[in-house]
A.B. asks: 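The structure's right below; bear with me while I get my questions together.
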Amino acid sequence: MGSTFQANFDFNDYHRIVFFTGAGISAESGIPTYRGKGGFWNQYDYEEYACQRAFDRDPEKVWEFHEQRRKFVSECEPAPGHRIITEIQHLKPATRVITQNIDGMHQRAGSVHLIELHGSLWRVRCPREGTISENFEIPLRTRRCTCGEYLRPDIVWFEDALDEEILNKAIATILKADLLITIGTSATVFPAAEIPLLALRRRIPSIEINLEETETSRLYTLSLRGSAGQNLRLLRDQSSLPIV
Ligand code: OAD
């Protein structure tokens, strides 16, 4: 299927592109991915730092971890991949971005119409009042809400449910797309594996950009092996694509 599609493929034909991104796009900003060599969860135990149980047990320790992440990410810059997506969004304003990343890099690169499936390092939530606010302080001025409750990062931790409204918005966005481009995700966390199935259901073309094959590669019309930045540049410039 890949070669037929490649022969007919003209990026200029697509205007309602959905980019679905994971940690691989930010790897080129210097932010470690979660799995594989050097992966974040090989180094840190999520049960100690990234679940509600850990927070209930020791909120200061969990905050310490997240404050370090905020500081680290704030010292990184958006990668070429983030910037190319923004450029494409300027050229094709119906382009949408759905990300699993919590690092805020798409916004820093100037992307709009962004759906953050897993929340953001740059928002805090009061579990008692349900209020959510942006917060870019490093370190946080206070880890407590005015009501006295501990604020928590507005992140979908392990064992948390995804926000149903956000998930439905993401699905609706893909159902309106004419091209899906998935970048840098191992597709091991729900709903990443379902995303290419939505494209299949709609019979729209889909492209996976990843350094390596994933569990879901076979569900895509095209697989582009290599880095996010390099392949997005090729797509944008309509150069010959390294199809696998
Ligand atoms: P993973 O770390 O599971 O996977 C990263 C993927 O990016 C792998 O398939 C790599 O091959 C690929 N990759 C690495 N560098 C790349 C590059 N330069 N160009 C292209 N691809 C590259 O990250 P995710 O799939 O995003 O949850 O992880 C999903 C979720 O699991 C995350 O959102 C996170 C984590 O627990 C939260 O933070 C809440």
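Remember, it's 1-based here, ligands and their atoms both numbered in the order they're listed.
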A.B. asks: Of all the heavy atoms in Phe158, does at least one lie under 4.0 Å from an atom in ligand 1?
C.D. replies: yes
A.B. asks: Please tell me whether Ser120 and Asp154 have a donor and an acceptor in their side chains that are separated by less than 3.5 angstrom.
C.D. replies: no
A.B. asks: Using a distance-only test with no angle check, is there a side-chain donor-acceptor pair under 3.5 angstrom linking His118 and Thr99?
C.D. replies: no
A.B. asks: Would you say Tyr34 and ligand 1 have an N/O pair spaced under 3.5 Å apart?
C.D. replies: yes
A.B. asks: Counting each atom of ligand 1 from 1 as listed, which ones have a heavy atom of Ala27 under 4.0 Å away?
C.D. replies: 15 (N)
A.B. asks: Counting only nitrogen or oxygen atoms and a 3.5 angstrom limit, does Ser227 reach ligand 1?
C.D. replies: no
A.B. asks: Closer than 4.0 Å to some heavy atom of Trp41 - which atoms of ligand 1 meet that?
C.D. replies: 35 (C), 36 (O)
A.B. asks: Below 6.0 angstrom between ring centroids: does that apply to Tyr49 and Trp157?
C.D. replies: no
A.B. asks: Could you tell me whether some N/O pair between Ile102 and ligand 1 is separated by less than 3.5 angstrom?
C.D. replies: no
A.B. asks: May I ask you to check whether Asn135 and Arg70 show a side-chain donor-acceptor distance below 3.5 Å?
C.D. replies: yes
A.B. asks: If you measure every N/O of Val156 against every N/O of ligand 1, is any gap under 3.5 Å?
C.D. replies: no
A.B. asks: Any chance the side chains of Gln52 and Arg152 put a donor and an acceptor closer than 3.5 Å?
C.D. replies: yes
A.B. asks: Is ligand 1 less than 4.0 angstrom away from at least one heavy atom of Gly226?
C.D. replies: yes
A.B. asks: Which atoms of ligand 1 are found less than 4.0 Å from any heavy atom of Glu28?
C.D. replies: 17 (C), 18 (N), 19 (N)
A.B. asks: Minimum distance, heavy atoms only, to atom 10 (C) of ligand 1: which one of Leu121, Leu211, Asn210 is it?
C.D. replies: Asn210
A.B. asks: List every atom of ligand 1 that sits less than 4.0 Å from any heavy atom of Gln100, numbering the atoms from 1 in the order shown and giving each element.
C.D. replies: 26 (O), 29 (C), 33 (O)
A.B. asks: Do Thr188 and Glu215 have side-chain N/O donor and acceptor atoms under 3.5 Å apart?
C.D. replies: no
A.B. asks: For Thr185, is at least one N or O under 3.5 Å away from an N or O on ligand 1?
C.D. replies: yes
A.B. asks: Ala228 versus ligand 1: do any nitrogen or oxygen atoms come within less than 3.5 Å of each other?
C.D. replies: yes
A.B. asks: Any N or O on Thr214 sitting closer than 3.5 Å to an N or O of ligand 1?
C.D. replies: no
A.B. asks: With a cut-off of 4.0 Å, which atoms of ligand 1 are near a heavy atom of Gly22?
C.D. replies: 26 (O)
A.B. asks: Within the structure, is a non-hydrogen atom of Phe40 found at a distance of less than 4.0 Å from ligand 1?
C.D. replies: no
A.B. asks: Do we see a donor-acceptor contact under 3.5 Å between the side chains of Thr221 and Ser206?
C.D. replies: yes
A.B. asks: Taking the six-membered ring for Trp, are Trp41 and Phe158 closer than 6.0 Å centroid to centroid?
C.D. replies: yes
A.B. asks: Is there a polar contact between ligand 1 and Asn101, counting only N or O atoms under 3.5 Å apart?
C.D. replies: no
A.B. asks: Could you tell me if Thr86 and Ser111 have a donor-acceptor pair between their side chains, going purely by distance under 3.5 Å?
C.D. replies: yes
